[in-house]
Structures are given as C-alpha cells and as structure tokens.
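First comes the structure, then the notes that go with it.
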Amino acid sequence: MAYKPQYGPGSSKVAENRRKYMDPSHKLEKLRDATDEDIVLLMGHRAPGAAYPTAHPPLAEQQEPDCPIRKMVTPTDGAKAGDRVRYIQFTDSMFFAPSQPYERTYLECYRFRGIDPGTLSGRQIVECRERDLEKYAKELVNTELFDPARCGIRGATVHGHSLRLAEDGMMFDMLQRCILDKKAGVVKYVKNQIGEPLDKEVKVGKPMDDKWLKAHTTIFHSLGGVAYRDDAEYIEWVQRIHSLRTKYGFMPME
Amino acid sequence: MTDAIYPQVRIVPERFLNPETVEKILNRIATTEGVRRILLRGQNIPPTVPHGPARGKPNPHPMKRTIQVCGQDVELQVHVGFIILELENRDPIPALREACDSVFTEFSYGLQEGRFMKSEATLSDYAKYGTEAEKDIIGMTDPRSKSGPIILQGVK
C-alpha cells in the first residue's frame with residue numbers, strides 16, 4: 001500500500017488548517033498580487049531587473065563528477081544557473097497569524113524543493129537559490145499563508161511575535177518596516193526586510209479581519225481562539241510521542 | 001528605585017499605545033491630585049538600526065516622537081505598553097480609572113495595584129552599573145543615560 005501522509009493529528013480547526021497548508025495537493029488561496037519586483041524590493045538582495053549574481057558557473061558549463069545521486073535529482077532552476085543562496089525571514093504574531101514558524105517549515109518542506117529552512121520560536125527563515133527563493137517568496141506572500149498586519153517580513157530585528165498589537169492592529173516592529181495606510185486601509189512596506197528605506201513603497205494589501213484570521217490560523221490560543229487543551233486528539237498524540245521517546249531513551253531495545 | 005512606602009498602580013492597555021493616546025492619558029494622569037511619579041514602560045525603539053547588515057543606519061519610527069505633557073516636551077523612547085504610577089495614597093485610584101475609561105475607548109485595559117518599581121538594586125544592577133550608579137534611577141531607566149527624569153511643573 002502506498003504511503004499516504006497524514007500531516008498531523010487533531011480534530012480542531014487549527015489542526016485542520018495545519019494539515020491543509022502542509023498538504024501539497026491543497027491549492028493555497030491567492031489573496032493578493034505582489035509582483036516579482038515587489039518581492040525583490042522587499043528582500044533587498046539585488047536591484048530589481050539586475051542579473052542574478054552567481055556563486056558558481058552554470059551546471060551545464062562545468063564538469064559534474066560521475067555521481068548516481070546527481071543523476072537521480074533534477075537540479076532546481078537556481079541551482080542549474082549557479083545562483084547565490086539567499087533568504088527570506090518571517091515573523092508571525094501569536095494573535096492568530098495564519099502561519100507560525102514550525103508550520104512554515106513543514107509546509108515548505110512538503111511544497112518546495114532545494115530549501116534550507118531554519119525554525120526559531122519567533123521567526124522562521126528559509127534559504128535557497130535566489131531565483132527559486134523569489135518564486136517561493138511570492139507564494140508565501142500572495143497566498144493565505146500571509147497576513148499583512150500579523151505577519152512581518154523581517155531579516156533582522158524580528159522581535160514582536162509575542163507582544164500585544166499596536167492600536168491599529170499591526171504587530172510591533174522595532175524598525176517599522178511596514179505601516180498601515182489608514183486612508184486606503186492598505187499595509188505598505190517602506191523599508192526592506194533588513195530595515196533599509198525603500199525608494200518605492202510596496203503595497204501588500206489589506207489586513208484580514210479577525211473572523212478570517214481565526215478561521216485560518218494555525219496557532220492554538222486560549223484567549224479568544226482554540227485552546228490547545230481543547231483538542232483531545234492533539235494532546236493524546238503529543239503525550240504518546242513524549243512517552244515513547246522517554247521510554248526508548250532509557251531502553252532502546254524494547 | 002523607590003521607597004516601598006507609597007502605593008503603586010500599573011495600567012495595562014490591551015494594545016500598545018500610539019503617541020497621541022499616550023499624550024491624552026498622561027495629561028489626564030499628570031493633572032490628577034496625588035500622583036508622585038509616572039513611569040512609561042514598553043518596547044525600546046532605538047534611534048539607529050541595532051542589528052543586521054543595515055546596522056547604524058537611522059531608524060525613523062512613527063511611534064517615537066515628542067509629545068506634550070502639561071505643556072512640557074516629553075520625548076518617547078519606547079512604544080508604550082505599561083504606565084506605572086507611584087501615588088501618595090490610594091485616593092486617586094477612582095480618578096485614574098475614570099481617566100482610563102475616557103481615553104481607552106477602542107480597547108480594554110487593566111488597572112492593577114501592587115509593587116511594580118524596584119525597591120532594591122539586584123546583583124545584575126551592580127554588575128551592570130557598578131556601585132556608584134544613582135540609586136533613584138535604577139529599575140526605572142538606564143542610570144548611564146544622560147537624559148534624566150522629566151519634572152512636570154505646576155500641576156498642583
């Protein structure tokens with residue numbers, strides 16, 4: 001019987017969202033239209049329209065060693081062209097952001113190729129070849145995985161995920177990379193992810209309302225959301241894993 | 001540090017406060033009889049980018065600006081999350097609640113009584129600031145900071 005991944009336990013809405021985002025057969029809902037140029041500006045690795053700097057010559061031009069693995073694995077476009085490895089990093093507010101670091105890493109591993117994600121408590125970074133990164137970043141920003149107010153694109157000085165929100169509903173950002181344009185109701189980035197001012201504002205759309213956020217969040221939250229303890233199936237599985245790893249830690253032969 | 005003999009109150013709004021809201025609430029608090037000291041606490045907003053490739057570049061931030069409290073300029077250095085007050089006695093508390101009710105209309109807040117200011121220097125304080133540091137300032141702001149406390153004139 002072919003292996004069919006289950007992605008995760010749980011009977012709550014949060015658990016269902018977690019599975020949904022991880023499942024590559026689920027097409028992520030597209031909510032906004034950040035262009036390629038916008039993504040390049042937000043990340044700040046190269047000027048829009050500039051050629052991709054390279055770390056090595058294209059694979060077609062260099063002698064590859066005779067390696068069975070290299071024959072099996074098709075290189076990504078970025079690897080083929082010899083692009084540099086670059087990153088995008090996100091911070092997600094605990095107040096019902098659609099994604100959170102572990103979820104991002106899981107879903108990226110299921111959906112994308114040639115990536116190196118880094119998961120931390122308050123931020124998640126993903127590294128890969130530059131032109132692949134731009135493609136992936138566009139998907140991460142334009143779809144239901146992102147909310148302009150509760151998720152931030154932050155390369156450095158990421159603090160804010162666990163703090164109260166500002167009066168206008170934006171997550172705290174020491175560098176205030178994005179601001180809410182009150183007239184238009186749209187969030188616009190005025191700095192790139194490392195905090196350098198942008199020549200041109202990048203609009204990333206309207207913040208989603210609370211109802212949408214609570215329906216799409218992947219974060220358990222006992223204040224106003226789904227409490228972790230209310231998902232009995234989730235608790236059962238976490239306890240099972242905890243118990244097994246403890247026992248096997250002591251008696252690996254059993 | 002402070003003498004532990006005075007009652008203290010902490011105002012905890014549900015949201016971090018905009019400078020305009022801080023200005024409004026502080027003007028109400030500062031004109032309330034019986035408030036000895038006001039401490040604004042929150043997330044620091046540095047004047048320059050502290051980390052990363054853009055380190056040292058200016059950091060313009062809409063939440064960092066100068067507000068007017070009782071006609072005096074107060075430069076905000078944090079995105080205000082807590083307002084801690086030291087009172088002469090417990091009498092001003094109802095007036096403070098009233099002030100909060102009138103200013104925090106869009107979101108809720110909590111007003112707690114307790115001890116929120118340091119009354120003794122800790123080992124870390126000695127390690128950080130040494131034995132010569134001004135004792136009145138420890139636990140409220142960085143004793144090495146050149147800008148001292150702001151004294152609001154003529155509110156009584």
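Quantities reported herein were computed from a predicted structural model and do not represent experimental measurements. Only heavy atoms go into these numbers, but all of them, side chains included; no hydrogens, no water, no symmetry mates. Just so we're on the same page: letters track the sequence lines, and every chain starts at 1.
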- Between A:Ile194 and B:Val49, the two heavy atoms sitting closest are O-CG1, 4.2 Å

- Query: Are A:Arg164 and B:Phe82 in a cation-pi contact, defined as NZ or CZ under 6.0 Å from the six-membered ring centre and within 45° of the axis?
  - Reply: yes

- Rounded distance [0.5 Å steps], CG in A:Asp173 versus NE2 in B:His79: 11.0 Å

- Item | Spacing of NZ belonging to A:Lys191 relative to CG belonging to B:Asn59, to within rounding of 0.5 Å | 4.0 Å

- Task: Please name the pair of heavy atoms, one in B:His61 and one in A:Met174, separated by the smallest distance, quoted to 0.1 Å.
- Result: CD2-O, 3.0 Å

- Option that, when pairs with chain A are counted at under 4.5 Å, heavy atom only, ranks first among B:Gly81, B:Pro58, B:Gly52: B:Gly81

- For the pair A:Phe172 and B:Phe16, name the ring-plane relationship: parallel under 30°, tilted 30 to 60°, perpendicular over 60°. perpendicular

- Query: For atom CZ of A:Phe220, is the number of surrounding heavy atoms from other residues, nucleotides or ligands below 6.0 Å larger than 12?
  - Reply: yes

- Message: Are there over 12 heavy-atom neighbours, none belonging to B:Asp73, within less than 6.0 Å of that residue's CG?
- Response: yes

- Note on the structure: dist B:Arg15:CZ -> A:Leu163:CG (nearest 0.5 Å) comes out at 13.0 Å

- Message: Within a 6.0 Å radius of atom NZ on A:Lys206, are there more than 12 heavy atoms belonging to other residues, nucleotides or ligands?
- Response: no

- Here the pair of heavy atoms bringing A:Ala156 nearest to B:His51 is CB-O, 4.0 Å

- Query: What residue in B:Glu106, B:Arg55, B:Glu14 has the most heavy-atom pairs under 4.5 Å with chain A?
  - Reply: B:Glu14

- Query: Any side-chain heavy atom of B:Pro50 sitting closer than 4.5 Å to one from A:Leu175?
  - Reply: yes

- Message: More than 12 heavy atoms of other residues, nucleotides or ligands under 6.0 Å from CD of B:Glu132: yes or no?
- Response: no

- Counting heavy atoms not belonging to A:Lys214, are there more than 12 under 6.0 Å from its NZ? yes

- Can you say whether B:Val78 sits under 4.5 Å from chain A via the side chain, the backbone, both, or neither, judging by heavy atoms? neither

- Message: Would you say that more than 12 heavy atoms from the other residues, nucleotides or ligands in this model lie under 6.0 Å from the CD of B:Gln112, or not?
- Response: yes

- Item | Flag if over 12 foreign heavy atoms under 6.0 Å of OH, A:Tyr110 | yes

- Task: Verify the neighbour count for atom OH of A:Tyr52: are there more than 12 heavy atoms of other residues, nucleotides or ligands below 6.0 Å?
- Result: yes

- Heavy-atom nearest pair, B:Asn18 first then A:Glu167, reads N-OE2, 2.8 Å

